[in-house]
There are 2 protein chains.
Amino acid sequence: MAKIQKVAELAGVSTATVSRALAGKSSVSPATRTKVEEAANELGYVVSAAASSLASGKTRNVGVILPLLDSWFFMAVLKGAQRLLEDAGYDITLYHLPPAGELGAGDASKQRRRRLFDEFLRRQRVDAFIAVNLELDDEERALLSQLRRPLVGLGGVLPGLHTVTLDDKAVAHLATDHLLSLGHTEIAHITGDPDFERDFQVPTTRRRAYEASITNAGITRNPLLVRTADFTIEGGYNATKQLLGDPRIHPTAIFAASDEMAIGAILAARDLGKDVPRDISVIGIDGHDLADFFGLTTIDQFPELQGRQVAQLILDELAGQGVEPIAEELPHELVVRRSTAAPLDAPTR
Amino acid sequence: MAKIQKVAELAGVSTATVSRALAGKSSVSPATRTKVEEAANELGYVVSAAASSLASGKTRNVGVILPLLDSWFFMAVLKGAQRLLEDAGYDITLYHLPPAGELGAGDASKQRRRRLFDEFLRRQRVDAFIAVNLELDDEERALLSQLRRPLVGLGGVLPGLHTVTLDDKAVAHLATDHLLSLGHTEIAHITGDPDFERDFQVPTTRRRAYEASITNAGITRNPLLVRTADFTIEGGYNATKQLLGDPRIHPTAIFAASDEMAIGAILAARDLGKDVPRDISVIGIDGHDLADFFGLTTIDQFPELQGRQVAQLILDELAGQGVEPIAEELPHELVVRRSTAAPLDAPTR
DNA sequence: CCGATGCATGCAAACGCTTACATTGGTCAC
DNA sequence: GTGACCAATGTAAGCGTTTGCATGCATCGG
């Protein structure tokens, strides 16, 4: 019944030859190859993924592990990766792994997480994994290693695993220094809450770099200028209202740790009757689709490109290129738009 | 070598019993089941997906076909479906099938589309498909049928296939009638471009219903009040600027075919110095995450719930429930927020 | 002209499970 | 007590490929 058998008969060859021809192996004569292809076409034959996987040990399937499915950023990454993998003939299996320490994460959440590791990731359904912004405890890391599958992390912190990440420190320095070089001296920062946010490291790293830049510029840091918020438009909006409404401070610029927060900041400023950038400059990080629309100055981190890059890495590894597991760096770029300018009270340097 | 063998030996039973115990079949004594589970645990054994699929013909994998990966709406749907499927032990394989008639779609795009059908969807990698807003030509529909796999469509038009859709006509009527009942008489409509937009039917259906409602109210339709735009914030923004800047018309309300366009409309109105809802009311469709933030009145179509619902349908079908392939209707609800009010020049009815 | 070399192909053994069918032993009604 | 029946388990035949090894045949250098 094996379907490949029928193709073999129609083409007048053995199943071995059909398999080889369809897999594009070299040792098949052009004539035979054509015959086989025609036979396969006529019968509408397509190799059974399960049988092929079982026999070859390869699935032509890559698992993508995402912490969030409804975030613009991760979807941009997914989109980039998807395209490359599809072109290479790989399917994508999606795994949703919510952050372990998420706000209000109860036992149920932990169990889901555990189940994903125990039950889903280990079925040998994929040849390799792409893990986006994944943070693991030791046990989980051990489990992943036992899978003996290539795994490339994108962002996040995976000690000992092959990871490519954005240089968050450099990015935050660049953003802060951009504002400083425009002449701003009272620069506020909106960041994520390290206790509750997924992805613990990123907000902290960015905040530290911001503080370092401020200090380097010879400016005394003022803790009142730093506010914590959700990584959303609404979070940025609320934080900005608080920043601009606090009589003890008079920021002329805001550095938001994400574009969505920055957009919230712009909207909040408008609602308070402040002009951007005349009264207040705003800069974000990401390169969000909407940044251009809002005229937002940002540090673009090319999320879609990140997806492509990590997919390429995986493909190389699967192709047998022993990719050296160094932590590579992703590109970023300052994109200046209308939301930043010199402050009113200070001449441009 | 078969790993199940080792578990069988450790537990002191046959591989058949191990298989049955791990699959949760009934005819295994509690004692044996426990033994097997312990042995499996100790060895870190997990059933090989490929072998299991080959032997059983079931993959425990559902394919989700999306037209767009970077749209809020589809991701919300995906999120809803993901959760249910994961709970049921199903993996999700993601397929990206860009609309055939997309703006500027060249041969390359057609080839990609064709390849997806020929090469990816037919590998028997999944037990069933969920197709979101999928539009097919006859050939493609035939190919899908040949797969002999359950297929449930969500939105979109799949004649002859099991589909659940929003009643776009009712939704658009509801939106328009809401504005009419507030006393508006000059109501603009922002819709998608049927020539270039994915998902041909939706904008047209909504526009027709809008026109019908207007006419029913005894108001003469004015084609100038209808504008075409991208389904984005930017699209809505630009369209609204044109609507409000046209001296020949004086709309007091705008019905946008999506929340993102509606948000664009609100932003455009503000930029033109018009107050929402005092000078101009705005209503959208979707139930977008940001609708609440912007105070947007909308017809919520509960996208995440849609995902859950379609996933449940698939699960039922896979469980052998012969689900009758009627076109079911999805719920929707008018959510009134700050963006709609009675027009200044007319008393509330 | 001959053995060596190598390409194209066939043969058949895995790959790691599931499941129909067979077997066993115990329960139960009569 | 005994046959019928059922629950629990084992046996073994697939499931549809891939691939190592063997084979056949042609080419080639000497």
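What you see is a predicted model, and the numbers here were worked out from it, not measured in a lab. Excluded from the calculations below are hydrogen atoms, water molecules and symmetry mates; all remaining heavy atoms, backbone and side chain alike, are included. In what follows, chains carry the letters A, B, and so on, assigned in the order in which the sequence lines appear, proteins first and then strands, with residues in each chain numbered from 1.
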Q.
Any side-chain to backbone donor/acceptor pair from A:Arg125 onto B:Thr59? Under 3.5 Å, distance only.
A. yes
**Q.** Interatomic distance, A:Leu22 CG vs C:dT9 P [rounded to whole Å]
**A.** 14 Å
Q: Please list, chain by chain and in numerical order, all residues satisfying salt bridge (charged side-chain N to carboxylate O under 4.0 Å, His left out) with B:Arg308, sequence neighbours excluded.
A: none
(Q) I need a per-nucleotide contact map over nucleotides 17-22 of chain D, read 5' to 3'. Cutoff is protein heavy atoms under 4.0 Å; write B for the base, S for backbone only, - otherwise. (A) BBBB--
**Q.** Spacing between B:Arg60 atom CZ and C:dC17 atom P, to the nearest angstrom
**A.** 16 Å
Q | Full working for side chain to side chain contact (heavy atoms under 4.5 Å, CB included) between B:Val77 and B:Asn133 | A | CA-CA 11 Å; B:Val77 171; B:Asn133 267 42; over 6 Å; no
Q) Which parts of residues 28-44 of chain B get close to DNA chain D, meaning a heavy atom less than 4.0 angstrom away? A) B:Val28, B:Ser29, B:Thr32
Q: Identify which one of B:Glu139, B:Glu119, B:Glu140 satisfies the salt bridge (Lys or Arg N to Asp or Glu O under 4.0 Å) criterion when paired with B:Arg114.
A: B:Glu139
Q.
Distance alone, cut at 3.5 Å: any donor-acceptor contact between the side chains of A:Asp316 and A:Gln312?
A. yes
Q) Can you name the one residue among B:Leu154, B:Thr165, B:Val132, B:Val164 that meets side-chain contact (heavy atoms from CB on, under 4.5 Å) with B:Gln306? A) B:Leu154
Q. With no hydrogens and no angle check, is any side-chain donor or acceptor of A:Arg60 less than 3.5 Å from a backbone partner on A:Ala88?
A. yes
Q.
Just so I know, are the side chains of B:Leu313 and B:His162 near enough to count as touching, which here means a heavy-atom distance under 4.5 Å?
A. yes
